[in-house]
Number of protein chains: 2
Amino acid sequence: MTSTEPDRTTVAPGVPGTRPTRQRRAVGEVLASFDDFRSAQEIHTLLGQRGESVGLATVYRTLQLLADAGEVDVLRSEDGEAIYRRCSSTHHHHLVCRSCGATVEVEGPAVERWTSAIADEHGYVDISHTLEIFGTCRACAG
Amino acid sequence: MTSTEPDRTTVAPGVPGTRPTRQRRAVGEVLASFDDFRSAQEIHTLLGQRGESVGLATVYRTLQLLADAGEVDVLRSEDGEAIYRRCSSTHHHHLVCRSCGATVEVEGPAVERWTSAIADEHGYVDISHTLEIFGTCRACAG
DNA sequence: CCCTGAATTGACAAGCGTTCTCAATTGTCC
DNA sequence: GGACAATTGAGAACGCTTGTCAATTCAGGG
């Protein structure tokens, strides 16, 4: 029970959250099919319409994984609902038309530096921030 | 039934949302008793501790009124819960401890300018923005 | 190719914050 | 004081999100 025993020091044969399943692929495809922010429930409905049956809980879990991995942006609509969108991997913010929802990704190195500086100045650590800009886009303004 | 009838052209004797009741006064007093953001439920609890019994639904309604009137700031904590705070009238942002809720009001003229510039650049008008910084304050970080 | 075990899923229940309902109460104005 | 709208409170209802847990699926070794 010693010499023949295989190496068991690696406790986990696979790391959770990495298995490519039908459901995860389907969620990824749906995310690629639109450019604006959608709620988990909307995404779940879209999956149904595509004929890809995926449980609602799985949709939530997958979106959480993708968000943790930085592959989707999550933000809260005004009524507190979480909405998701696939995103470029860099940190950025959004300029959103409050009328039609058209979204522009914007980067703001100056803002990043500013928030860090402010946080340092007050002794806050482990910083995150949310910045969204709302306005009316050219098309909607007429 | 015609000549003796009083003038009925004024449909509304009073405008809703303006009556100073015990409950609304109590909520106002509690709001004045702290400086950081609190959830509606916390405020409801604080009212109870003060001996001022106010229904939870009334707390929500009152906070909504105050928010509409611009007398309190509302923002969403990272998990989507609405949190409230009486506010100074100037535009500002918040550095909030995600552990204890300690809040610092910060102004960022640079950020204001930056958001305006970005919006102009993309043809968006009638701009507003939300910017909140979350972190762990010195006390909570240990 | 089959076996084993962990990862993953789905249906459902549960949790939580928020809003709605409606009868009872309160404040305002005549 | 009286009438009537505004307001309240208790609880139900609601919508989003997360937890539960047995059943299923995937990866890798034998």
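Below, read A as the first sequence line, B as the second, and so on, with proteins coming before strands; counting in each chain starts at 1.
- With rounding to whole Å, A/Arg24 atom CZ is found 11 Å from D/dA27 atom P.
- Atom CZ in B/Arg38 sits about 15 Å away from atom P in C/dG17, given to the nearest Å.
- Under the salt bridge (charged side-chain N to carboxylate O under 4.0 Å, His left out) criterion, the residue pairs touching residues 119-142 of chain A are A/Asp126-B/Arg98, with sequence neighbours excluded.
- Atom C1' of nucleotide D/dT7 and atom CG of B/Leu66 are separated by 15 Å, given to the nearest angstrom.
- At a threshold of 4.5 Å between non-hydrogen side-chain atoms, the residues B/Phe34 and B/Ile43 count as touching.
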Task: Contact letters for nucleotides 13-20 of chain D, in which S counts primed atoms plus P, OP1 and OP2 and B counts the base, heavy atoms under 4.0 Å - done: ---SBBBB
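- Comparing atom distances between the B/Arg19 side chain and each of D/dT8, D/dA5, C/dA6 picks out D/dA5 as nearest.
- Note on A/Val111 and B/Val106: same hydrophobic cluster, where clusters join Ile, Leu, Val, Met, Phe, Trp and Tyr whose side-chain heavy atoms are under 4.5 Å apart, directly or indirectly.
- At a threshold of 4.0 Å, the pair B/Glu78-A/Arg76 does not count as salt-bridged, since none of the basic side-chain nitrogens sits closer than that to a carboxylate oxygen.
- Side-chain N/O atoms of B/Thr21 include none lying less than 4.0 angstrom from OP1 or OP2 on D/dA6.
- Atom P of nucleotide C/dT8 and atom CG of A/Leu63 are separated by 15 Å, given to the nearest angstrom.
- Sequence neighbours left out, the pairs with a member in residues 18-28 of chain A that pass salt bridge (charged side-chain N to carboxylate O under 4.0 Å, His left out) are A/Arg22-A/Glu52.
- Here A/Arg22 reaches the OP1 or OP2 of C/dG10: one of its side-chain N or O atoms lies under 4.0 Å away.
- Remark: B/Arg86 engages B/Asp35 in a salt bridge, criterion side-chain N to carboxylate O under 4.0 Å.
- Atom CG of A/Asp79 and atom P of C/dC20 are 12 Å apart (whole Å).
- Taking side-chain N and O atoms only, B/Gln23 has a distance below 4.0 Å to OP1 or OP2 of D/dG9.
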